[in-house]
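Have a look at the structure below, then the notes.
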Amino acid sequence: MVAATKKILVIVTNVDEYKKSGMRTGLWLGELTHFWDVAEPSGFSMDIASPSGGKVPIDPESLSHEVLAELNTGKRYENRRFMNLLEDTRKISEVNAEDYDAIYLTGGHGVMFDFPQSEDLESLMAEFYESGRVVSTVCHGATGLLNVTLSDGEPLVKGKSVTGFSWPEEELANRAQAVPYNLQEELKKRGAEYSTADEPFETYVVEEGRLITGQNPGSARAVAEAVVRQLTAA
């Protein structure tokens with residue numbers, strides 16, 4: 001890995017609705033902007049990719065006035081140049097891991113439908129991890145870890161401490177009936193040592209070596225700080 005590249009690959013969803021209801025979903029915008037607001041000033045450049053490429057849908061709830069007011073997300077939303085980055089993303093299949101130092105998987109419920117179904121993402125995640133790069137996720141982005149198998153045939157998360165959006169948080173968000181599975185339980189089924197904050201929606205980040213995971217949308221900034229800290233120390 002060439003540390004001088006100082007680049008991070010950000011992965012986002014292409015899915016804009018739940019399969020079992022008419023509710024809309026997509027990228028939770030703050031999980032992108034909060035990470036960006038830490039990594040960019042720290043000297044890291046970022047590219048955005050998605051399973052299918054092209055335009056990225058944004059979860060409408062992440063655009064509410066209250067949410068946009070959090071941690072300057074609204075300033076990014078008003079920035080035409082920044083938002084244009086979501087108009088035509090690269091396909092994951094077109095990405096070369098050698099060009100990056102770390103990968104970061106954003107959330108939003110849309111990822112529950114396309115991250116675990118993407119063989120390109122699975123291969124890329126395994127390559128990042130096994131080549132010594134930093135692998136990070138936040139919230140539902142941890143769904144992108146579920147089907148990643150390493151070269152020894154074992155799940156990437158097996159025996160590793162991780163977190164991700166919890167089932168109590170899913171219930172509090174009124175999405176328990178709409179989601180296709182319980183992320184918390186699926187991580188455990190694959191042998192992950194899953195843990196959460198003491199209270200729902202508290203900032204919570206778990207670092208297991210080069211694997212960095214954040215529990216919920218409010219953890220995106222802390223995930224970015226952990227990623228930057230590891231890359232700077234490398």
Side-chain angles (χ1 to χ4, degrees), residues 1-12 27-49 70-73 75-76 82 85 95-108 111 115 121 124-145 148 150 156-166 169 183 187 192-199 201-234:
M1 178 175 65
V2 181
T5 58
K6 299 187 73 174
K7 291 187 71 175
I8 300 170
L9 179 65
V10 180
I11 307 296
V12 296
L27 164 70
W28 192 268
L29 186 61
E31 294 176 23
L32 174 65
T33 65
H34 299 168
F35 187 95
W36 209 278
D37 287 344
V38 171
E40 187 176 58
S42 300
F44 292 87
S45 63
M46 286 158 282
D47 292 332
I48 302 175
E70 295 175 353
L71 301 175
N72 293 321
T73 301
K75 290 185 177 180
R76 289 288 187 185
F82 179 81
L85 297 174
V95 170
N96 184 352
E98 293 292 329
D99 295 335
Y100 302 93
D101 300 286
I103 189 169
Y104 169 64
L105 274 58
T106 61
V111 303
F115 277 16
L121 180 57
L124 190 66
M125 292 284 279
E127 183 178 358
F128 263 83
Y129 189 79
E130 295 193 307
S131 60
R133 291 166 168 77
V134 172
V135 171
S136 62
T137 72
V138 74
C139 199
H140 290 93
T143 60
L145 296 169
V148 179
L150 301 179
L156 188 157
V157 298
K158 184 176 180 180
K160 297 184 178 69
S161 298
V162 301
T163 190
F165 205 61
S166 70
E169 288 171 322
L183 173 59
L187 286 167
E193 299 293 334
Y194 178 88
S195 62
T196 65
D198 291 336
E199 297 293 334
F201 297 106
E202 284 186 350
T203 296
Y204 186 71
V205 174
V206 175
E207 292 186 57
E208 170 84 27
R210 291 173 284 105
L211 178 61
I212 302 169
T213 52
Q215 182 178 330
N216 45 44
S219 303
R221 180 176 289 270
V223 169
E225 290 169 348
V227 170
V228 167
R229 185 169 58 250
Q230 286 206 23
L231 293 180
T232 302

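All values derive from a computational prediction rather than experimental measurement.
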**Report entry** Heavy-atom pair with the smallest gap, counting every atom of A97 and L124
**Finding:** CB-CD1, 4.0 Å
Query raised in the report: So do I8 and F35 actually touch side chain to side chain, heavy atoms under 4.5 Å?
Result: yes
Query raised in the report: Of F82, F44, Y104, which is the lone residue that meets ring-ring contact (aromatic ring centres under 6.0 Å, His included) with W36?
Result: F82
Query raised in the report: So, Y204 side chain and E199 main chain: donor-acceptor pair closer than 3.5 Å or not?
Result: no
Query raised in the report: Of L27, L85, D37, which is the lone residue that meets side chain to side chain contact (heavy atoms under 4.5 Å, CB included) with L32?
Result: L27
**Report entry** Interatomic distance, Q215 atom CD to H140 atom NE2 [nearest 0.5 angstrom]
**Finding:** 11.0 Å
Query raised in the report: With a 4.5 Å heavy-atom cut-off, do E98 and R133 have their side chains touching?
Result: yes
Query raised in the report: Taking it one step at a time, do F115 and I11 satisfy side-chain contact (heavy atoms from CB on, under 4.5 Å)?
Result: CA-CA 9 Å; F115 277 16; I11 307 296; 3.6 Å; yes
Report task. Ignoring hydrogens and angles, tell me if any N or O in the side chain of S161 forms a donor-acceptor pair with the backbone of E208 under 3.5 Å. Result -> no
Query raised in the report: Does the pair K7/D99 count as a salt bridge with the N-to-O cut at 4.0 Å?
Result: no
Query raised in the report: Taking only residues two or more places apart in sequence or in another chain, which ones pass salt bridge (Lys or Arg N to Asp or Glu O under 4.0 Å) with K75?
Result: none
Query - Separation between CG of D101 and CZ of F128, rounded to the nearest 0.5 Å - result: 8.5 Å
**Report entry** Reported CG-to-NZ distance for the pair L211 and K160, which is rounded to 0.5 angstrom
**Finding:** 7.0 Å
Query raised in the report: Taking atom CG of N96 and atom CG of L9, what is their separation to the nearest 0.5 Å?
Result: 10.5 Å
Report task. State, to 0.1 Å, how close V206 and S195 come at their nearest heavy-atom pair, and which atoms those are. Result -> CG2-OG, 3.8 Å
Query raised in the report: Do E130 and R210 sit within salt-bridge range, that is, some charged N less than 4.0 Å from a carboxylate O?
Result: no
Query raised in the report: Is any side-chain heavy atom of I212 less than 4.5 Å from a side-chain heavy atom of V205?
Result: yes
Report summary line: Between C139 and P217 the two heavy atoms that sit nearest each other are SG-CD, 3.5 Å
**Report entry** Gap separating the NE2 atom of H34 from the CG atom of L29, nearest 0.5 angstrom
**Finding:** 8.0 Å
Requested in this report: Taking atom types as modelled, find out whether E70 and T73 have a side-chain donor-acceptor pair closer than 3.5 angstrom.
Outcome: no
Pair up each side-chain donor or acceptor in residues 221-231 with any protein partner under 3.5 Å, not counting sequence neighbours, and list the distances.
{"from": "R229", "atom 1": "NH2", "to": "E207", "atom 2": "OE2", "distance (Å)": "2.6"}
{"from": "Q230", "atom 1": "NE2", "to": "E207", "atom 2": "OE1", "distance (Å)": "3.1"}
{"from": "Q230", "atom 1": "NE2", "to": "G209", "atom 2": "O", "distance (Å)": "2.7"}

Report summary line: Sequence neighbours excluded, the answer for salt bridge (Lys or Arg N to Asp or Glu O under 4.0 Å) partners of E40 is R76
Report summary line: Separation between OG1 (T137) and CG (L145), nearest 0.5 Å, reads 5.0 Å
Query - Closest heavy-atom pair and its distance - V95, A49 - result: CG2-CB, 4.0 Å
Query raised in the report: Between D47 and Y100, which heavy-atom pair has the shortest distance, and what is it?
Result: OD2-OH, 2.6 Å
Report task. Indicate the atoms forming the closest heavy-atom contact of A220 with G30, along with that distance. Result -> CB-O, 4.3 Å
